[in-house]
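See below for the structure under consideration.
For the numbers below, each heavy atom of this structure counts, side chains included, while hydrogens, waters and symmetry mates do not. Everything numeric in this text was worked out from a predicted model, so none of it was measured.
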Amino acid sequence: RLGSELVGVIPAEAGIQTKITLLIMFLTFLFILVLAFILALRSMKDFDVPTEISRIIQGKKVRGKIVFFKNKVVHYRVKKT
């Protein structure tokens, strides 16, 4: 009978004290989980995108057309006025 209570199902004959204890344990676990998640999000501010990647993202966009011929490939660039 004791083994059936450990499965995770609260039996109907469990006292109110057992239910309150399990509720407090669950709320404590949930609080710790939320607190850890908030602290992890705060620590992510320390990380930064590497300069090489930020340079690629903010770099000039290449515009133009690529034409594929039988023997060669030609890239026509758009001229700025």
Side-chain angles (χ1 to χ4, degrees):
R1 178 167 179 184
L2 182 62
S4 67
E5 292 178 8
L6 297 177
V7 175
V9 178
I10 300 174
E13 66 268 4
I16 189 74
Q17 188 69 29
T18 305
K19 291 179 183 178
I20 291 174
T21 304
L22 289 175
L23 180 66
I24 291 172
M25 286 173 49
F26 176 73
L27 291 176
T28 304
F29 171 75
L30 193 64
F31 176 74
I32 291 172
L33 187 68
V34 168
L35 182 67
F37 184 73
I38 291 172
L39 289 174
L41 284 178
R42 285 186 56 204
S43 71
M44 289 300 291
K45 293 178 183 176
D46 297 341
F47 296 106
D48 197 15
V49 177
T51 56
E52 295 84 9
I53 294 176
S54 62
R55 217 175 328 149
I56 291 172
I57 293 173
Q58 295 174 355
K60 296 179 182 177
K61 306 249 189 250
V62 177
R63 295 185 179 184
K65 301 286 181 188
I66 299 174
V67 181
F68 295 93
F69 292 108
K70 199 174 212 180
N71 296 326
K72 63 180 178 176
V73 176
V74 179
H75 178 249
Y76 293 100
R77 295 184 186 186
V78 175
K79 294 182 181 178
K80 292 186 178 182
T81 57

Open item on the list: Check this for me: F69, atom CZ, are more than 12 non-hydrogen atoms of other residues, nucleotides or ligands nearer than 6.0 Å?
Closed with: yes
Open item on the list: I32: which residues meet the side-chain contact (heavy atoms from CB on, under 4.5 Å) condition with it, sequence neighbours left out?
Closed with: T28
Task: Co-membership, hydrophobic cluster, residues I24 and I16, 4.5 Å side-chain - done: yes
Open item on the list: With rounding to the nearest 0.5 angstrom, report the CG to CD distance, L22 to Q17.
Closed with: 10.5 Å
TODO: Output all residues satisfying side-chain contact (heavy atoms from CB on, under 4.5 Å) with V73, sequence neighbours left out; order by chain, then residue number.
DONE: I66, F68
Task: Contacts of type side-chain contact (heavy atoms from CB on, under 4.5 Å), residue L27, not counting sequence neighbours - done: L23
Task: Contacts of type side-chain contact (heavy atoms from CB on, under 4.5 Å), residue L41, not counting sequence neighbours - done: F37
